[in-house]
Amino acid sequence: MELLKQAWPWYVSGPLIALIMALLVFFGKTFGMSSNLRTLCSIGGAGKYADFFKFDWKAQRWNLTVVLGAIIGGFVATQWLSNGAPIALNPDTIADLQTLGFKNAGATLLPDEIYSWNAILSFKGIAILIIAGFLIGFGTRYAGGCTSGHAITGLSNLQLPSLIAVIGFFIGGLLMTHFIFPLIF
Amino acid sequence: MLFGIVLVKSEAVSWYRIYEMFRFQSFHMYGIIGSAVFMGVLFLWIFKKVDLKTTEGKTIALPPKTKSFTRYMAGGIIFGLGWALAGACPGPMYILLGTGAFSILIVIAAALLGTFVYGLLRDRLPH
């Protein structure tokens, strides 16, 4: 039990993620979390505005159960499987974050500087979250998938489009982390 | 549910881990993604080798992605920008909600908006 409560090493987590993908494939589904955004838009009536949302979303209901499971999983892991130890980040990362103004790096899963209610109640704070979310939602549908669909499933299936998309993910991520972060934080 | 637990316990849902990954300061995230893909290739290869049928009795075949460069590169870069800023991708967004980080709801709502706007502009974008 104590072992479970510690952070899990990558060589345990990575294969488990692959196992989840394989199980979904075995049950005739695919592993793709971002598709739910489209499904939720359709449920909300977006089909009235664009044909893109006119699809048989009822056939995608299983994917929403995966979402529900993911939420419950997040709850279970923090409630009963955590020992509250800080994340073992590279000391260089912590130092870099401090110069950007991030205190207590790694003490929690998310930085208070971005996700605390205090931060959100400022114009800059809420703008960051809205812009970030918008980019994720727009980009993932444009690219036809996210980390689970392209990086895990697509690469496992040796698909060239997924490799292009993953390279794109990293170009975007590196641009943000190395060039845009120093400008906004 | 397992997905949620694994991603919390591996800290892959942490903003800090994503930042560290993009700074190339830790092997952790690369190890997770790398070993997941390695095992994933193995799983799918075995599935095809033994001609495993799904529980619905069909041959295993993942839907192929359309051939294109623009949409994957452009969409990928846009997604990457958001991924690094929010420190979460579409799976972890929901998982973080479960961990009690309710402010992630703003990111989820904005992601829905982004998806909706993509749907509106789809025919006018190069794919």
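Residue numbering restarts at 1 for every chain, and letters A, B, ... go by the order of the sequence lines. Worth saying up front: this structure is predicted, and the values here are computed from it rather than measured.
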Mind checking whether A:F102 and B:Y19 have ring centres under 6.0 Å apart?
no
Measure the spacing between CD1 of B:I78 and CZ of A:F134 and express it to the nearest 0.5 Å.
9.0 Å
Might you confirm whether atom CZ of B:F38 has over 12 heavy atoms from other residues, nucleotides or ligands at distances under 6.0 Å?
no
Counting heavy-atom pairs under 4.5 Å to chain B, which of A:T140, A:L97, A:V166 comes out on top?
A:L97
If you count heavy-atom pairs under 4.5 Å with chain B, which of A:L16, A:L19, A:I131 comes out on top?
A:L19
Counting only heavy atoms closer than 4.5 Å, note whether A:L100 contacts chain B via side chain, backbone, both or neither.
side chain
Of B:L2, B:I104, B:I5, the largest count of non-hydrogen pairs under 4.5 angstrom with chain A goes to B:I5
Heavy-atom pair with the smallest gap, counting every atom of B:G98 and A:T78
O-OG1, 4.3 Å
Heavy-atom side-chain contact between B:R17 and A:I87 under 4.5 Å
yes
Let me know if A:V25 has heavy atoms under 4.5 Å from chain B in its side chain, its backbone, both or neither.
both
Could you check whether atom OH of A:Y11 has more than 12 heavy atoms from other residues, nucleotides or ligands sitting under 6.0 Å from it?
no
Check whether A:S82 gets within reach of chain B through its side chain, its backbone, both or neither, counting any heavy atom under 4.5 Å.
both
Are more than 12 heavy atoms from other residues, nucleotides or ligands located less than 6.0 Å from atom CG of A:L183?
yes
Is A:F27 in contact with chain B via its backbone, its side chain, both, or neither, using a 4.5 Å heavy-atom distance?
both
Which one, A:I114, A:L160, A:I152, leads in non-hydrogen pairs under 4.5 Å with chain B?
A:I114
Residues of residues 116-126 of chain A with a heavy atom under 4.5 Å from any heavy atom of chain B, in residue-number order, are A:W117, A:I120, A:I126
Proximity breakdown for A:L4 and chain B, heavy-atom pairs closer than 4.5 Å:
backbone
Measure distances from A:Q6 to the heavy atoms of chain B and classify the residue's part below 4.5 Å as side chain, backbone, both or neither.
backbone
Using ring centroids (six-membered ring only for Trp), state whether B:Y72 and A:Y142 fall under 6.0 Å.
no
Which portion of B:F69 sits near chain A, non-hydrogen atoms under 4.5 angstrom
both
Among B:E56, B:E20, B:K53, which residue forms the greatest number of heavy-atom pairs with chain A at distances under 4.5 Å?
B:E20
The interface call for A:I20 against chain B, heavy-atom contacts under 4.5 Å, is side chain
Rounded to the nearest 0.5 Å, what separates atom OG in B:S26 from atom CG in A:D92?
11.0 Å
Side chains of B:Y118 and A:R38 in contact at under 4.5 Å (non-hydrogen atoms):
no
Which one of A:L175, A:L89, A:I180, A:I130 has the most heavy-atom pairs closer than 4.5 Å to chain B?
A:L89
Check: B:K9 side chain, A:A77 main-chain N or O, donor-acceptor pair, under 3.5 Å
no
Between B:I33, B:L97, B:L96, B:T70, which residue shows the highest count of heavy-atom pairs closer than 4.5 Å to chain A?
B:L96
Can you tell me which portion of B:R23 sits under 4.5 Å from chain A's heavy atoms? Options are side chain, backbone, both or neither.
both
Can you tell which of A:G32, A:A88, A:G44, A:G154 has the highest number of heavy-atom pairs within less than 4.5 Å of chain B?
A:A88
Top residue by heavy-atom pair count (under 4.5 Å) with chain A, among B:I108, B:I18, B:T54?
B:T54
Sub-4.5 Å side-chain heavy-atom contact between B:F22 and A:M176:
no
Could you tell me whether the side chains of A:N157 and B:K48 share a donor-acceptor contact shorter than 3.5 Å?
yes
Residue pair A:L174, B:F24: steps toward the side chain to side chain contact (heavy atoms under 4.5 Å, CB included) verdict
CA-CA 10 Å; A:L174 292 174; B:F24 300 110; 3.7 Å; yes
Where on A:S148 is there a heavy atom nearer than 4.5 Å to chain B: the side chain, the backbone, both, or neither?
neither
Taking side chain as C-beta onward, heavy atoms only, is A:F53 less than 4.5 Å from B:T115?
yes
Taking side chain as C-beta onward, heavy atoms only, is A:I167 less than 4.5 Å from B:M73?
yes
Comparing B:L85, B:L120, B:V13 against chain A, the one with the most heavy-atom pairs below 4.5 Å turns out to be B:L85
Min side-chain heavy-atom separation A:L68-B:Y94 under 4.5 Å
no
Quick one, A:L158 with B:W45, criterion side chain to side chain contact (heavy atoms under 4.5 Å, CB included). Give me CA distance, side-chain angles, the key distance, then yes/no.
CA-CA 10 Å; A:L158 308 175; B:W45 182 76; over 6 Å; no
Before we go on, tell me: are the rings of B:F116 and A:Y49 under 6.0 Å apart, centre to centre?
yes
At a 4.5 Å cut-off on heavy atoms, which part of A:I184 comes close to chain B: side chain, backbone, both, or neither?
side chain
Is chain A contacted by the side chain of B:M29, its backbone, both, or neither, given a heavy-atom distance below 4.5 Å?
neither
Does the pair B:L7 and A:I17 meet the rule for a side chain to side chain contact (heavy atoms under 4.5 Å, CB included), with working shown?
CA-CA 8 Å; B:L7 261 69; A:I17 295 171; 3.8 Å; yes
Output the distance between atom CG (B:L44) and atom OG (A:S156), rounded to the nearest 0.5 Å.
5.5 Å
So, the part of A:L110 with a heavy atom under 4.5 Å from chain B: the answer is both
Choice from A:I94, A:L163, A:D96 maximising heavy atom contacts with chain B below 4.5 Å
A:D96
Once you measure the plane-to-plane angle for A:F181 and B:W15, does it fall in the parallel (<30°), tilted (30-60°) or perpendicular (>60°) bin?
parallel
Give, as side chain, backbone, both or neither, the part of B:L52 having an atom under 4.5 angstrom from any heavy atom of chain A.
side chain
Any side-chain heavy atom of A:I164 within less than 4.5 Å of one from B:K65?
no
Quick one: do B:S35 and A:W10 satisfy side chain to side chain contact (heavy atoms under 4.5 Å, CB included)? Show the steps, please.
CA-CA 8 Å; B:S35 61; A:W10 60 266; 3.9 Å; yes
When rounded to the nearest 0.5 angstrom, what is the spacing between CZ in B:F43 and CE in A:M21?
7.5 Å
Please answer whether the main-chain N or O of B:Q25 pairs with a side-chain N or O of A:N90 as donor and acceptor at a distance below 3.5 Å.
yes
Flag side-chain contact, heavy atom, 4.5 Å: B:V8 against A:F75:
no
Which of B:L112, B:T99, B:L121 touches chain A most, by non-hydrogen pairs under 4.5 Å
B:T99
